[in-house]
> 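Let me begin by handing over the structure; questions about it come next.
Note that these values count all heavy atoms, side chains included, but never hydrogens, waters or copies made by symmetry.
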Protein chains: 2
Amino acid sequence: MSPRREHRLVFLLNVAQRRLQRWIAAQTQRNGVTAAQSGLLFVLGQRDGVLMGEAGAALDLGPPGISGLVDRMTAANLIKRRADPDDGRAWRLWLTPAGRAALAQSKAGLAEINARLTDGFTEAEIDVVARWLASLQGKFPKGEDE
Amino acid sequence: MSPRREHRLVFLLNVAQRRLQRWIAAQTQRNGVTAAQSGLLFVLGQRDGVLMGEAGAALDLGPPGISGLVDRMTAANLIKRRADPDDGRAWRLWLTPAGRAALAQSKAGLAEINARLTDGFTEAEIDVVARWLASLQGKFPKGEDE
DNA sequence: TCGATTTATTTCGCATGCGAACTATCTATC
DNA sequence: GATAGATAGTTCGCATGCGAAATAAATCGA
């Protein structure tokens with residue numbers, strides 16, 4: 001209690017994220033969709049035909065991040081890249097039938113994971129956690145240093 | 001309120017971790033120590049001469065994880081690898097003077113980051129967050145599927 | 001003691017995602 | 001219309017860390 005051990009938060013967050021990713025990877029290995037990929041599937045499930053940049057913003061990924069993700073998912077036939085008719089620089093992303101199927105599976109898997117994530121905590125506590133996680137976005141912005 | 005939006009936790013965690021890592025990378029880029037590397041520095045600050053496997057356990061890293069981390073940090077002259085006198089398979093890790101200096105710097109940087117991480121939350125709330133983060137380790141164990 | 005198993009670490013191939021630099025296209029300004 | 005910027009993506013090199021398989025050393029059993 002005396003010398004606050006809050007410095008652990010950084011490590012706790014790191015480990016927690018890694019644990020979860022590892023778990024998701026192990027679970028989804030069967031259908032071949034990774035955690036990052038399912039993120040993009042969810043985005044397209046909500047807004048099919050989105051621009052790459054928009055998808056990246058939704059996932060908090062920089063240009064190289066989505067570019068690579070889209071490459072791999074296109075190669076895996078989960079999504080399709082089509083030129084934007086109005087902008088020669090831009091590409092729009094669309095789910096393939098396989099991608100749609102993978103999304104449905106991911107949704108089921110995610111439901112189980114969420115049940116686990118919230119297990120043992122009250123709704124009020126989960127709200128605190130969600131608020132804290134979301135607060136990092138404002139505290140550690142993308143572009144600027146302080 | 002009706003259809004619980006808890007499924008966001010997975011994405012929130014992912015984004016939060018990435019944001020923080022990105023921030024730390026930007027901050028520590030100057031002294032050349034990354035977030036993962038500072039983690040190992042902290043471990044060695046507490047238990048210099050630890051086995052690689054022990055360090056990996058402390059950081060929740062598998063064998064390939066520490067192996068690579070140690071490679072890079074050895075190349076950067078932050079730590080030294082010395083054979084264990086009692087076990088021909090094992091290596092013990094030691095801080096170099098440069099590593100010790102980097103650790104001191106990392107501690108200062110971490111203090112600032114922690115101030116930011118806890119900013120806007122009560123101590124009770126931070127306790128909830130810490131407990132939640134730690135709970136993932138039990139919920140998503142390393143080896144077994146259920 | 002010798003072979004089988006366990007344990008510590010490495011290596012490989014992969015996915016992820018960053019910053020920096022580049023290309024191509026679009027938009028505004030003169 | 002030409003040209004200077006802004007914008008959308010790509011590419012490169014890097015760090016991170018996984019699972020699977022390999023290597024080498026220790027230990028256990030018969």
> Which part of the nucleic acid, if any, lies within contact of Arg92(A), taking any heavy atom under 4.0 Å across all strands shown: a base, the sugar-phosphate backbone alone, or nothing?
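Nothing, no nucleic acid heavy atom in range.
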
> Round to a whole Å and report the spacing from CG of Leu69(A) to C1' of dT11(D).
16 Å

> On the side chain of Arg89(B), is there an atom forming a donor-acceptor pair with the base of dT9(C) - under 3.5 Å, no angle test?
no

> Counting only side-chain nitrogens and oxygens, does Gln37(A) get under 4.0 Å of the OP1 or OP2 atom of dT16(C)?
yes

> Run the numbers on Gln21(B) and Gln17(A) for side-chain contact (heavy atoms from CB on, under 4.5 Å), then give the verdict.
CA-CA 11 Å; Gln21(B) 291 291 314; Gln17(A) 158 67 5; over 6 Å; no

> Ignoring backbone atoms, establish whether Arg22(B) has a side-chain N or O less than 4.0 Å from OP1 or OP2 of dC18(C).
yes

> Within 45° of the six-membered ring axis of Trp94(A) and under 6.0 Å from that ring's centre, is NZ or CZ of Arg82(A) located there?
yes

> Choosing from dG9(D), dC12(D), dA20(D), which nucleotide comes nearest the side chain of Pro64(A)?
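Out of dG9(D), dC12(D), dA20(D), the nucleotide with an atom closest to Pro64(A)'s side chain is dC12(D).
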
> Identify whether the distance between the nearest side-chain nitrogen and carboxylate oxygen of Asp87(A) and Arg92(A) falls below 4.0 Å.
no

> Is the distance from OP1 or OP2 of dT10(C) to the nearest side-chain N or O of Ser67(B) less than 4.0 Å?
yes

> Could you state the atom-to-atom distance from CG of Asp87(B) to P of dA26(D) in whole Å?
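Going from Asp87(B) (CG) to dA26(D) (P), I get 6 Å.
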
> Find the distance Phe11(A):CZ to dT16(D):C1' and express it as a whole number of Å.
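Answer to the nearest Å: 16 Å.
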
> Nearest-nucleotide wise, let me know which of Asp60(A) and Ile66(B) is further upstream toward the 5' end of DNA chain C.
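Closest to the 5' end, via its nearest nucleotide, is Ile66(B).
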
> Are Arg81(B) and Asp71(B) close enough for a salt bridge, meaning some N to O gap below 4.0 Å?
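Salt bridge present between Arg81(B) and Asp71(B).
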
> When you measure from the side chain of Thr74(A) to the backbone of Lys80(A), do you find a donor-acceptor pair of N or O atoms at a distance under 3.5 Å?
no

> Would you tell me if any nitrogen or oxygen in the side chain of Arg81(A) comes within less than 4.0 Å of OP1 or OP2 on dT10(D)?
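So the side chain of Arg81(A) is within the cut-off, an N or O lying under 4.0 Å from OP1 or OP2 of dT10(D).
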
> Measure from the side-chain heavy atoms of Arg72(B) and tell me the nearest of dA15(D), dA8(D), dT10(C).
dA15(D)

> Could you check which of dT16(D), dT10(D), dT16(C) has an atom nearest any side-chain atom of Thr34(B)?
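When the side chain of Thr34(B) is considered, dT16(D) is the closest of dT16(D), dT10(D), dT16(C).
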
> Quick one: label Asp84(A) by what it contacts on the DNA or RNA (base, sugar-phosphate, nothing), any heavy atom closer than 4.0 Å.
nothing

> Rounded to whole angstroms, how far apart are CH2 on Trp23(A) and P on dA15(C)?
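Roughly 23 Å, once rounded to whole Å.
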
> Once you round it to whole Å, what is the distance between P of dG17(C) and CG of Leu40(A)?
11 Å

> Take Met52(A) and Arg18(A), find for each the nucleotide of DNA chain D with the closest heavy atom, and name the residue whose nucleotide sits nearer the 5' end.
Met52(A)

> Are the side chain of Lys107(B) and the backbone N or O of Phe42(B) linked by a donor-acceptor pair below 3.5 Å?
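Checking the backbone N and O of Phe42(B) against the side chain of Lys107(B), no donor-acceptor pair under 3.5 Å is found.
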
> Please state how far atom CZ in Phe140(A) lies from atom P in dG17(C), giving the value in whole angstrom units.
19 Å

> From CG of Asp71(B) over to P of dT9(C), roughly how many Å is that when rounded to an integer?
13 Å

> Rounded to whole Å, how long is the line connecting atom CZ of Arg19(A) with atom P of dT16(D)?
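Taking CZ of Arg19(A) and P of dT16(D), I get 20 Å after rounding.
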
> If you look at every strand shown and take non-hydrogen atoms under 4.0 Å, does Gly68(B) touch a base, only sugar-phosphate, or nothing?
nothing

